[in-house]
Each structure stands twice: as structure tokens, then as C-alpha cells.
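Remarks on the structure that follows.
The model shown is predicted, which means the values in this text are computed figures rather than measured ones. Note: hydrogens, waters and symmetry copies are ignored here, and every other heavy atom, side chains too, is used.
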Amino acid sequence: MSSQTQGPSVRALRVGEQVRHILSDILQRGDVHDDVLARHVVSVTEVRMSSDLRHATAFIKPLLGRDEEVVLKALRTNTAYFQREVASRTRLKYAAKIKFLADDSFDEGSHIDKLLRDPKVAQDLAKDDDGED
């Protein structure tokens with residue numbers, strides 16, 4: 001089987017989690033001198049590393065989803081700082097290029113939950129539980 005179908009390697013997952021912790025620590029401590037980031041609590045929900053560990057995609061979510069685009073712009077403006085900090089705190093051969101994206105998984109989960117709670121869907125699910133067609 002090829003590694004593409006198996007998903008990320010254990011090393012890529014481990015490094016991604018390490019980078020997530022570093023980014024979270026930087027944001028929590030307020031190490032970035034940016035007014036927008038200072039005013040917002042930002043969660044780094046996941047970091048996905050490329051197989052060669054040269055690229056990192058950081059998924060973020062501001063508290064309550066407020067000002068997501070403004071926060072993303074501030075993070076992207078300070079990307080060089082984040083890359084330098086991550087490079088200095090990890091023992092990787094190359095400094096990873098970081099890309100910040102909004103984490104939409106919470107929104108998707110809420111949408112699915114809303115759909116499942118729809119009376120028509122609940123009725124259909126109840127029929128399936130009773131063994132009816």
C-alpha cells in the first residue's frame with residue numbers, strides 16, 4: 001500500500017502536535033506584538049504537517065468564532081515570526097512554512113447536528129429503529 005492511502009506518518013502527526021503546542025503557547029502568552037491577536041483568544045485546533053515536514057497547515061478558531069477573518073489576517077501578517085519561533089523550538093532540519101486556515105469542523109458538526117434534529121429526519125430515524133421501511 002502507498003503512504004498516500006495510509007494517511008500521515010506517526011512522525012508527521014507527532015511533529016504537527018508539537019507545532020500546535022508551540023503556536024498555542026505563543027498565542028496564550030501574547031508573545032506576538034499585534035493588537036488584534038492581543039484582543040482575541042485564539043485556539044489552534046490542529047496542525048497538519050506535509051510528509052517532508054516542510055509545510056504546516058495550522059487550523060485556528062477564535063473564541064466564539066468572532067472576527068475570524070480579522071484574526072486570520074493578523075496571523076498571516078505575523079507568519080514569519082511564528083515560523084522563526086517554531087524553528088527555534090523544534091529540532092527539525094528545515095523550518096516549516098506555516099499556513100493559517102480557519103477551522104470549519106465545528107461549523108460542519110453543528111450543521112450535521114441541526115440536520116439530524118430536524119423532525120423529518122428524526123421521524124425517518126425512528127422508523128429505521130423500529131425495523132420498518
field: Gap between atom NZ of K73 and atom CD of E68 - 0.5 Å precision
entry: 15.5 Å

message: For a side chain to side chain contact (heavy atoms under 4.5 Å, CB included) check, start with the C-alpha distance between V32 and I26, then their side-chain angles and the critical distance, and finish with the verdict.
response: CA-CA 7 Å; V32 182; I26 292 167; 3.6 Å; yes

message: Would you say that more than 12 heavy atoms from the other residues, nucleotides or ligands in this model lie under 6.0 Å from the CZ of R11, or not?
response: no

- request: Return the minimal non-hydrogen interatomic distance between V47 and G16, and the atom names on each side.
  value: CB-O, 3.3 Å

field: Gap between atom CD1 of I22 and atom OG of S88 - 0.5 Å precision
entry: 7.5 Å

message: Would you compute the distance between atom CG of D67 and atom NE2 of H40 and round it to the nearest 0.5 angstrom?
response: 3.5 Å

field: L101 side, atom CG; K61 side, atom NZ - distance, nearest 0.5 Å
entry: 12.5 Å

statement: Applying side chain to side chain donor-acceptor pair (under 3.5 Å) to H21 and not counting sequence neighbours gives E17

- prompt: According to the salt bridge (Lys or Arg N to Asp or Glu O under 4.0 Å) rule, which pairs have a member within residues 87-102, sequence neighbours left out?
  reply: D25-R89, D31-R89, E85-R89

- prompt: Roughly how far, to the nearest 0.5 Å, is CG of L23 from CD of Q83?
  reply: 10.0 Å

query: side chain to side chain contact (heavy atoms under 4.5 Å, CB included) with A74: which residues, sequence neighbours excluded?
result: D34, V36, L37

message: According to ring pair (Phe, Tyr, Trp, His ring centres under 6.0 Å), who are the partners of F100, at least two apart in sequence or on a separate chain?
response: F82

query: side chain to side chain donor-acceptor pair (under 3.5 Å) with T57: which residues, sequence neighbours excluded?
result: none

- prompt: Would F59 end up clustered with L27 when hydrophobic side chains under 4.5 Å apart are linked, directly or stepwise?
  reply: no

- prompt: Are L13 and L53 connected, step by step, through hydrophobic side chains (Ile, Leu, Val, Met, Phe, Trp, Tyr) whose heavy atoms are closer than 4.5 Å?
  reply: no

field: Residues which pass side chain to side chain donor-acceptor pair (under 3.5 Å) with D52, listed by chain and number, not counting sequence neighbours
entry: S50

query: Do Q18 side-chain atoms and T90 backbone N/O form a donor-acceptor pair below 3.5 Å?
result: no

- request: Hey, could you give me the OG/CD1 distance between S43 and I60, rounded to the nearest 0.5 Å?
  value: 9.0 Å

